[in-house]
Amino acid sequence: MQTNTATSRQPIGGAESYFIRSGYRSRDKVEYFLDKTDDTVTWQPDVYPYTAARAKELGRDVVIDIGCGRAGKLASLADEYPAWSYIGVDFGDNLV
């Protein structure tokens, strides 16, 4: 098993566990997050560059973002890699 020391010292599972770290627990109730565009903070700015690097490394050209909010960062990635396909998944007012 691999260990991702950047975020956790717990082992990361393999493909059979969708690479979710050992000990991960999901929430039964999720607090809705409205992705407002007037926020000047860019949350998780390294996620999309990492995603693009992994996609290129693995020869992939489809990005699925679960919990994309209003998909501003996903749209920026699409500007950078226009030949790829993108799927954004969210709910509530973020879809509007």
Side-chain angles (χ1 to χ4, degrees):
M1 288 217 175
Q2 298 172 323
T3 300
N4 182 348
T5 57
T7 58
S8 171
R9 296 248 179 230
Q10 297 181 16
I12 295 177
E16 68 282 353
S17 66
Y18 302 100
F19 299 97
I20 296 173
R21 75 177 186 273
S22 176
Y24 176 82
R25 292 181 299 175
S26 65
R27 294 176 280 176
D28 293 331
K29 295 179 183 174
V30 179
E31 182 179 331
Y32 183 74
F33 175 76
L34 179 59
D35 189 8
K36 295 182 180 181
T37 58
D38 61 348
D39 190 359
T40 58
V41 176
T42 301
W43 299 100
Q44 299 175 319
D46 298 332
V47 170
Y48 290 93
Y50 174 80
T51 299
R54 292 290 293 157
K56 289 190 287 187
E57 179 182 317
L58 296 170
R60 304 293 191 255
D61 62 358
V62 176
V63 175
I64 302 171
D65 185 353
I66 300 172
C68 66
R70 295 189 178 177
K73 291 183 285 186
L74 190 60
S76 295
L77 187 64
D79 288 342
E80 192 171 345
Y81 300 96
W84 292 4
S85 297
Y86 300 88
I87 299 170
V89 179
D90 214 305
F91 66 101
D93 288 342
N94 285 335
L95 294 177
V96 177

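If you read the sequence from its start, that first residue is 1, and numbering goes on from there. None of the values given here were measured: they were computed from a predicted structure.
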Subject >> Y50: ring pair (Phe, Tyr, Trp, His ring centres under 6.0 Å) partners, not counting sequence neighbours >> reply: none
Original post:
With sequence neighbours left out, what residues match A52 under side chain to side chain contact (heavy atoms under 4.5 Å, CB included)?
Top reply: L77, Y81, W84
**OP:** Report yes if some heavy atom in the side chain of T51 is under 4.5 Å from a heavy atom in the side chain of V63; otherwise report no.
**Re:** yes
Subject >> Spacing of L74 atom CG and D90 atom CG [to the nearest 0.5 Å] >> reply: 11.0 Å
Original post:
Is atom CD of E57 surrounded by more than 12 heavy atoms (other residues, nucleotides or ligands) closer than 6.0 Å?
Top reply: yes
Original post:
Taking all non-hydrogen atoms of both residues, which atom of P49 and which atom of P45 are closest, and how far apart?
Top reply: CD-O, 3.3 Å
Original post:
Can you find a pair of side-chain heavy atoms, one from D65 and one from V89, that are under 4.5 Å apart?
Top reply: no
Original post:
What's the spacing between Q44 CD and K73 NZ if we round to 0.5 Å?
Top reply: 5.5 Å
Subject >> ILVMFWY network linking L58 to I64, side-chain heavy atoms under 4.5 angstrom >> reply: no
